[in-house]
Amino acid sequence: MKQKIIIRVQMSCEKCRIKAMKIASNTNGVISVAVEGSDKDHLVVIGEGVDSANLTGSLRKKLSYGAAILSVEEVKEKEKKAEEKEKPKEDKNPNNPEEYVLVFQQYPPVPMFCEVYDPVPSFCSIM
């Protein structure tokens, strides 16, 4: 059962918001985290099987700010399925170059290694 949890957290700066989002995203079962509200003081967490009391307690402990649960509600997925059924299927022509999608793969950076060479070897056994 997916649930949407809205927690009010006193976050005055961007650093606090980022830290709160990291704490919430590291909780088991969390799918997405967002900051909402006029003062950006509402943390919206969507997840499956998330313990809202435990999450709020960890936010209070790690941020040293007040955190309170505003609402916990179930996310309905039936609306998404209805929207998918309404979309008409279009026949794609493989010869049409406008329908090709460019995919760029980003590879991880190559680690750099540096070898240090000591031209005068030390024969001292103490070092």
Side-chain angles (χ1 to χ4, degrees):
M1 169 180 87
K2 283 188 181 180
Q3 55 187 356
K4 180 179 179 181
I5 304 167
I6 301 176
I7 303 171
R8 186 188 63 208
V9 183
Q10 296 175 358
M11 299 178 286
S12 58
C13 62
E14 189 66 28
K15 184 178 178 181
C16 299
R17 290 183 191 101
I18 292 171
K19 190 172 182 180
M21 290 180 73
K22 282 184 182 179
I23 293 168
S25 65
N26 288 336
T27 305
N28 289 335
V30 173
I31 297 172
S32 68
V33 180
V35 176
E36 292 181 355
S38 60
D39 296 332
K40 294 192 176 187
D41 60 346
H42 294 167
L43 192 67
V44 179
V45 179
I46 297 175
E48 205 166 314
V50 180
D51 185 7
S52 59
N54 187 19
L55 176 60
T56 306
S58 64
L59 284 169
R60 283 184 195 143
K61 182 179 176 182
K62 294 180 182 176
L63 288 177
S64 301
Y65 300 125
I69 299 173
L70 294 179
S71 69
V72 178
E73 53 191 43
E74 187 177 343
V75 176
K76 297 179 182 177
E77 295 183 18
K78 294 179 182 177
E79 296 173 1
K80 293 180 182 178
K81 292 179 182 177
E83 290 176 4
E84 291 176 2
K85 290 180 182 178
E86 292 176 4
K87 293 180 182 176
K89 294 182 180 180
E90 298 177 5
D91 295 330
K92 293 187 177 181
N93 185 1
N95 296 329
N96 190 356
E98 295 176 0
E99 294 182 3
Y100 288 109
V101 178
L102 296 176
V103 178
F104 295 100
Q105 294 181 353
Q106 184 175 2
Y107 295 101
V110 178
M112 302 287 289
F113 294 102
C114 185
E115 185 176 329
V116 178
Y117 175 71
D118 190 13
V120 182
S122 175
F123 295 108
C124 183
S125 62
I126 296 174
M127 293 184 167

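If you're wondering where the values come from, they're calculated on a predicted model, not measured in any experiment.
- The CD1 atom of Ile18 sits 8.5 Å away from the SG atom of Cys13 when rounded to the nearest 0.5 Å.
- Closest heavy-atom contact between Ala24 and Val30: O-CG2, 3.2 Å.
- In this structure, NE2 in His42 is found 15.0 Å from CD1 in Ile5, a value given to the nearest 0.5 Å.
- To the nearest 0.5 Å, atom NZ of residue Lys19 and atom NZ of residue Lys62 are 9.0 Å apart.
- Both Val33 and Val72 sit in one connected hydrophobic cluster of ILVMFWY residues. Membership requires side-chain heavy atoms under 4.5 Å apart, directly or through other members.
- Across all their heavy atoms, Ile7 and Ala67 have their closest contact at CG2-CB, 4.3 Å.
- Applying the salt bridge (charged side-chain N to carboxylate O under 4.0 Å, His left out) criterion to Glu14, with sequence neighbours excluded, gives Arg17.
- Here the straight-line distance linking atom CD1 of Ile46 with atom CD1 of Ile6 works out to 9.0 Å at 0.5 Å rounding.
- Put simply, the side chain of Asp41 does not reach to within 4.5 Å of the side chain of Val9, judged on heavy atoms.
- Between Ser52 and Thr56, the closest heavy-atom pair is O-OG1, 2.8 Å.
- For Leu59 against Ala20, the heavy-atom pair with the smallest separation is CD2-O, 3.9 Å.
- The two atoms that bring Val75 and Gln3 nearest to each other are CG2-C, 3.8 Å, heavy atoms only.
- For the atom pair Leu63 CG and Leu43 CG, the distance stands at 9.0 Å (nearest 0.5 Å).
- In this structure, the side chain to side chain contact (heavy atoms under 4.5 Å, CB included) partners of Glu36, at least two apart in sequence or on a different chain, are Val44.
- Val45 places none of its side-chain heavy atoms less than 4.5 Å from the side chain of Thr27.
- Shortest non-hydrogen contact noted between Lys2 and Glu48 is CG-OE1, 3.9 Å.
- Atom SG of residue Cys16 and atom CD of residue Gln10 lie 10.5 Å apart, to the nearest 0.5 angstrom.
- The 12-atom threshold is exceeded at CG of Asn54, counting heavy atoms of other residues, nucleotides or ligands nearer than 6.0 Å.
- Linking ILVMFWY residues whenever their side-chain heavy atoms come closer than 4.5 Å, directly or via other members, places Val35 and Ile69 in the same cluster.
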